[in-house]
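For clarity, every value in this text was computed on a predicted model and none was experimentally measured. Below, all heavy atoms of this structure are taken into account, side chains as well, without hydrogens, waters or symmetry copies. The chains referred to below are lettered A, B, ... by the order of the sequence lines, with proteins before strands, and numbering in each begins at 1.
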Protein chains: 2
Amino acid sequence: MGLTKSEIFSKNQNDIAQIAKVLGHPARIAILEHISKVKTCICGDLVNEIGLAQPTISQHLKELKSIGILKGNIEGTSICYCINTEKWEEIRTILNQFLNIFSNPNNNCC
Amino acid sequence: MGLTKSEIFSKNQNDIAQIAKVLGHPARIAILEHISKVKTCICGDLVNEIGLAQPTISQHLKELKSIGILKGNIEGTSICYCINTEKWEEIRTILNQFLNIFSNPNNNCC
DNA sequence: TTGTTTTATCGTAATATTGCAATATACAAT
DNA sequence: ATTGTATATTGCAATATTACGATAAAACAA
């Protein structure tokens with residue numbers, strides 16, 4: 001069906017999954033890595049940097065914006081994208097919290 | 001096209017994205033949470049626990065196995081799934097490393 | 001052997017995702 | 001007004017994902 005049955009899961013489970021889903025594409029990882037590397041906003045060099053067509057990059061940026069991890073400011077003729085620091089922290093906290101549910105070394109596994 | 005251009009990205013970027021993609025479904029989050037909660041193997045109660053049909057659960061388990069985070073041992077008539085502790089740690093390390101690329105507070109953002 | 005239980009696989013329908021060409025929009029500079 | 005530049009949106013084709021009924025396979029019990 002292609003349609004996730006979100007209603008049978010908790011908000012937290014859906015939140016974690018949605019964040020992970022957005023991070024689940026190498027182009028979006030590359031975009032975030034590039035922004036963090038140049039340590040400033042990116043204003044359109046992503047198309048040359050990444051190697052995908054401009055509409056494709058634009059679409060990936062839109063998905064990153066959908067979880068708030070990126071924000072875009074209009075800067076004259078171009079748009080300046082940068083990381084939303086608070087949201088990045090929040091996402092890191094959510095994912096870490098999930099990754100820590102299995103931190104106990106004494107699991108009696110088969 | 002629906003086909004990710006993996007070849008233009010680095011192995012690390014593809015690895016992170018693949019892990020995130022597998023975690024990008026609430027049913028798979030719920031499966032991992034359930035296993036970590038009962039602190040032992042699960043042997044088939046997932047279908048009742050989660051509320052999806054048995055073939056659907058089986059498919060999600062297969063995807064979780066694809067990144068090694070789950071392993072299944074045949075236990076008589078049923079199959080016993082449990083978390084692969086080493087792989088879980090590895091995945092946590094990979095994701096943490098990524099989430100830490102933007103830890104500097106002094107980003108000169110617009 | 002026959003039946004039961006448990007999990008996997010196949011087949012299929014519905015929907016989502018990816019990628020890009022074409023086009024639209026917005027603004028700056030002439 | 002027109003041209004150029006930068007980004008967004010639309011529309012579409014190809015592929016992937018999600019979900020489940022039907023069925024198969026495996027292990028055991030009676």
Would one find a side-chain N or O of [X] under 4.0 angstrom from OP1 or OP2 of [N]?
{"X": "B:Y81", "N": "C:dA8", "result": "yes"}
{"X": "B:H60", "N": "D:dA19", "result": "yes"}
{"X": "A:K21", "N": "D:dT17", "result": "no"}
{"X": "A:H25", "N": "C:dG19", "result": "yes"}

A:N12 and B:E33: CA distance, side-chain angles, deciding distance, side-chain contact (heavy atoms from CB on, under 4.5 Å) verdict:
CA-CA 11 Å; A:N12 189 244; B:E33 282 184 352; 4.1 Å; yes
Nucleotide nearest [X] when distance is taken to its side chain, options [options]:
{"X": "A:K5", "options": "D:dT15, C:dG19, D:dC20", "answer": "D:dC20"}
{"X": "A:P55", "options": "D:dT9, C:dG19, D:dA22", "answer": "D:dT9"}
{"X": "A:I79", "options": "D:dA8, C:dT7, C:dC20", "answer": "D:dA8"}

Please determine whether residues B:L52 and A:L3 belong to a single hydrophobic cluster, defined as Ile, Leu, Val, Met, Phe, Trp and Tyr linked transitively by side-chain heavy-atom distances below 4.5 Å.
no
If hydrophobic clusters are built by linking Ile, Leu, Val, Met, Phe, Trp and Tyr wherever their side-chain heavy atoms come under 4.5 Å apart, do B:L32 and A:I8 end up in the same one?
yes
Tell me: [atom1] of [X] to [atom2] of [N], nearest whole Å?
{"X": "A:L52", "N": "D:dT7", "atom1": "CG", "atom2": "C1'", "answer": "16 Å"}
{"X": "A:I8", "N": "D:dC20", "atom1": "CD1", "atom2": "C1'", "answer": "13 Å"}
{"X": "A:L61", "N": "D:dA6", "atom1": "CG", "atom2": "P", "answer": "15 Å"}
{"X": "A:Q18", "N": "C:dT17", "atom1": "CD", "atom2": "C1'", "answer": "15 Å"}
{"X": "A:K62", "N": "D:dA6", "atom1": "NZ", "atom2": "P", "answer": "22 Å"}
{"X": "A:D45", "N": "D:dT7", "atom1": "CG", "atom2": "P", "answer": "9 Å"}

Toward the 5' end of DNA chain D, which comes first, A:S6 or A:Q54, by nearest nucleotide?
A:Q54
At under 4.0 Å between heavy atoms, what does [X] touch on the DNA or RNA strands: base, sugar-phosphate, or nothing?
{"X": "B:S58", "result": "base"}
{"X": "B:T56", "result": "base"}
{"X": "A:I57", "result": "nothing"}

What I want to check is whether the side chains of B:R92 and A:N96 have a donor and an acceptor closer together than 3.5 Å.
no
Ignoring hydrogens and geometry beyond distance, is the side chain of B:Q59 in donor-acceptor contact with the base of C:dA8 at under 3.5 Å?
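When only heavy-atom distances are counted, B:Q59 does not reach the base of C:dA8 through any donor-acceptor pair under 3.5 Å.
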Closest-nucleotide ordering on DNA chain C, the 5'-leading residue of A:G51 and A:L3:
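That would be A:L3.
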For DNA chain C, whose closest nucleotide is more 5', that of A:T4 or that of A:A53?
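Nearest-nucleotide comparison on DNA chain C picks A:T4.
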Using 30° and 60° as the class boundaries, would you call the ring planes of B:F9 and A:H25 parallel, tilted or perpendicular?
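Plane angle over 60°, so perpendicular.
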